[in-house]
Each structure stands twice: as structure tokens, then as C-alpha cells.
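Here the structure comes first, spelled out in C-alpha cells, and everything after it is commentary.
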Amino acid sequence: MTTKPPENPEITLDPENWEELRAQGHRMLDDMLDYLEHVRERPVWRPIPDEVRARFRSGLPQESAELAAVYDEFAKFVVPYAAGNTHPGFMGWVHGGGTPVGMLAEMLAAGLNANLGGRDHIPVEVERQIVEWSRQMFGFPQGSTGLFVTGTSLANFIAVLVARTWALGREVRVKGIAGEGAHLRAYTSAAAHRCIPLAMDLCGLGTGALHMVPTDDHSRMDIAELERAIAADRAAGLKPFLVIGTAGTVDAGAIDDLEALAALCRREQLRFHIDGAFGALAVLSPELKPRVLGIEQADSIAFDFHKWGQVPYDAGFVLLRDGALHRDTFATPAAYLRPYAKGLAAGSPWFSDFGPDLSRGFRALKTWFTLKTFGTRRMGQVIARTCALARHLEARVRAEPKLELLAPAQLNIVCFRYGSSDELNARIVVKLHESGIVAPSTTSIGGKLAIRAAFVNHRSQTRDADALVAAVLRFGAEG
Ligand SMILES: Cc1ncc(COP(=O)(O)O)c(C=O)c1O
């Protein structure tokens, strides 16, 4: 198609020939659907050749090019070298698989090019609908607020900022945390994700104000240790203000005793936040829901629709029980953003009153499509199945004398290793990646390097867990 600028002076970026663009667009759509339909036939991941990497270090393009030529470059040099988390053999870190439905919704969102920072338009109502559905999912009260962010790292950061407002009052936004703020103390488990200390750092309280409470044998926060730490801090004149529980730790999928933490927070008059990056959506499975009991009592929950929710990246979310406090933490009036009762500038409060972003994309649409198309029942079944896969892998590991189970399947994650050498296991994982068969990640469990398989992708099946075991035994035997 022709993308050269037209001769007339009113240059736009729309095509001269819409029919050609339409045909090209249909080709691109078909190719991507083919890609997803046949994802299993390709390697999970493949090493990136130097010459391919070099193509992405070229100079700034000054002249126009044909869309078909740019797409050809994408098809040849981007598609084959993606991370592979759409592939059923992907078991690394905590990555969702995405769906064709989410992909199509993302295209529609880009077509509307909506900015959800504010104003009165239906895309904002779609995000409000997701807030309402999340409120219902977690049993939060009317008046709860929430919003989409990139991921749980940012969602946790927002929740810590709201807790800071709760502890120090709205004035903290003017005065900063000097004075009383220096005495605040927060608590989370030693198994918490690194974004929790990062959130403390980013909001000025510092990682030193976060107590990493030891865990029990199941990687859950030790509640007696937590109580001791709070009492010791109070005795030292410090001001405990926040407990952050985890629903699904990143290493082992452990779930803190959320009911006990909620009761403790009520007793001690502390704020209770839950990092439920992937585990929070266990509420969608009747079988798993009892495991996260207590989540409904939290003051806030951070989680991702892009993990167990299978919404394409990115779709992080934070839900807060006290909408007024949430708004107090972020609302920043400005003349050029003045809300009106009528017209396009109506619809206050806006999402920009509830978070740091003013320009915000339409993440809500792919989530709305996902929830409406599949329904929570089916999504809950997918989530439960990933946990069944982990149990299957655990049984396979237990049955192999050469494999050592390091973390059993508490949820959807299994950690194990071959033999006793860290170096050998690190080599095995690189070989697994380079083979394109499966892609687990690594972590450290009890000081031992572990092969970590996290089943998040809805496409993963028993044969993928079996392929992992077979390949680990093969590469392990190679040394
Ligand atoms: C328990 C936990 N918290 C937080 C995060 C960070 O989430 P995100 O990568 O969406 O920022 C993760 C990521 O895996 C996680 O497992």
C-alpha cells in the first residue's frame, strides 16, 4: 500500500488508499490468528542471532516506508523471537498466556484510541464496570474504588501510598514524611515479592521501615513473629501502620493466613493490604476460594488480570475499600482539568484522581471482553487446572529418584532440582530454554538453586509437565 505523503499540504497519517490498508490489515490479523492457533508447533523460545538484534539498533527512520514492508520485518524478526509465554511449554516466572479474544479487544481499543484519564465517555464506564466486578469478586463494600495500572508492582505502590495517607493524613502530600513519617513501620513476609520493599522505597518511607517477617515451613508469614515484631517496634517508640499479606508467593505459591492477618490488623489497628498478583484470582474457583478466605477483609488488594486472568499484557489492578482515602491520596486539581456537571468534561471523579497517571490507555476493554466472553466460571476452571498440573508435576518429581522436590505444589508452582549441584541445574535450565521444549525459570529455595515451574498459561497441559520432567532428566544426565 502507499504510505507516501500526499502532494497536498494537508498531510495526515491516514492512508491514501483505505482498500489497500484494509487488505493488509486482514493479512496481519489472519497471520496473528494462525500464530496463536499453531503456537504449540513452534519452539517456546529461541536464542536471538546477533544479526537480528542488530536490526533493532538502526538509525531513526526519516522517510516513509510501505506498511507491508514494515510488517514483513515484524513477521521475520520480531515474531520468532518473542519470550514465548503464549506457548503451553512456558512455565517461567509468572506469565499469563493471553487469548485471541484479548488480542482482538486490544485492536479495538487501539482503534478508539481512548484516554481513560478522565472525561465523560463510555470507555471510562467500562473501567468502572471492572471496578464494580472486582468489588463483587472480592466481596468489597459499595464505595470501593480501583483502577488499572501496568502491573502488581505499581498496584502495590499505590496501596502503600494510600496507607501512608491513612497513617499521616492528607497533609503528608504537602509536608512530606519528615517527622512522624520517620517512625512508620510496615510488615510483610520474607517471601514477599521484591516490589514490596521497592514500594516502600518509592514512597519515601524507605526499605528500612519494612520488617520482613520470617516464614513458617510452608513459606507463610509467621504470625507469632509478626506479633513480636509489632510489639517490639511499639516498645521502641515506632509506629506500626501496615501489614502486607501475600496471596500466592512468587517462589512457592504460598498463601499467608489472611484471616489471621485480618484479625491481627483489626486488633492492632493497622492497615491490611494483600499482594495477590496471581493468587487473588483464586476467588474465581470454588475449589480454591476457601484458600484465600480473609481476602474480603483487606483494606486493599493488588492483582493482575494479565497472569491467571489471561488478559494480554498489561492489566494490573488495585482495589481499595475506602474510596475517599484513595482519592485523597492522588486527586490534584488543575484549571486545565476542571470538571463540569455536563459536557465532555463531566463524569468527576476521574481515574486520574485515583492514581499517578493522567494519560491512561483502555486496558479495561480487553479485560471486559475476557470476563464477558469466558465468564468467571470458566476462568475459575482454568485456574484450578493449572493447580492440578502442578500437583501432577509434583507427583512426577517425587517418583523420580534423580529429582529432589524443593517446594511442593501449594498452588500452581513446583520447585525441584536434578542432583545436588547449583551449577548443573542452572545449565539444565539454559539447555531447556535453548531446546525450545519448555521454559521454566529458577529461584533459590533453602539456599539451593531450584528449577521453578509456574503453571499460569491456560494452554499448558499434562504433556507439557511430562516434557519438562523428561527434558530435565535428559539434560541432567548430560551433565
Ligand atoms: C507475588 C507477586 N507480587 C508482585 C508481582 C509483580 O507483578 P508485576 O510483574 O505485574 O508488576 C509478582 C510477579 O510475578 C508476584 O508474583
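Whatever order the structure lists them in is the order used to number ligands and atoms, beginning at 1. Position 1 is the first residue of the sequence, and the numbers go up from there.
A side-chain hydrogen bond (donor to acceptor under 3.5 Å, both in side chains) with R173 is found for one member of D328, T165, T332 and no other, namely T332.
Against a heavy-atom cut-off of under 4.0 Å, K307 is close to the following atoms of ligand 1: 7 (O), 8 (P), 9 (O), 10 (O), 12 (C), 13 (C), 14 (O). Heavy-atom proximity to V94, at under 4.0 Å, picks out these atoms of ligand 1: 14 (O), 16 (O).
Distance from atom 1 (C) of ligand 1 to its nearest protein heavy atom, with residue and atom name: G248 O, 3.4 Å. Nearest protein neighbour of atom 2 (C) of ligand 1, counting heavy atoms only, is A277 CB, 3.3 Å. Of the protein's non-hydrogen atoms, the one nearest atom 3 (N) of ligand 1 is D275 OD2, 2.6 Å.
Checking side-chain atoms of H211 against main-chain N and O of V213 turns up no donor-acceptor pair under 3.5 Å.
Considering backbone and side-chain atoms alike, T152 places an N or O below 3.5 Å from some N or O of ligand 1. For ligand 1, one of its N or O atoms has an N or O atom of S153 under 3.5 Å away. Among the atoms of H306, some N or O lies under 3.5 angstrom from an N or O of ligand 1.
The two atoms that bring F140 and I295 nearest to each other are CE1-O, 3.7 Å, heavy atoms only.
For C195, the closest heavy-atom approach to ligand 1 falls below 4.0 Å.
Ring planes of W93 and H433: tilted class, angle from 30 to 60°. Relative orientation of the F278 and W308 rings is perpendicular, given thresholds of 30° and 60° on the angle between their planes.
Relative to atom 10 (O) of ligand 1, the option among D304, L154, D251, T150 with the closest non-hydrogen atom is D304.
Here F303 and F305 bring their ring centres to under 6.0 angstrom of each other. Between F354 and F330, a ring centre-to-centre spacing not shorter than 6.0 Å is recorded.
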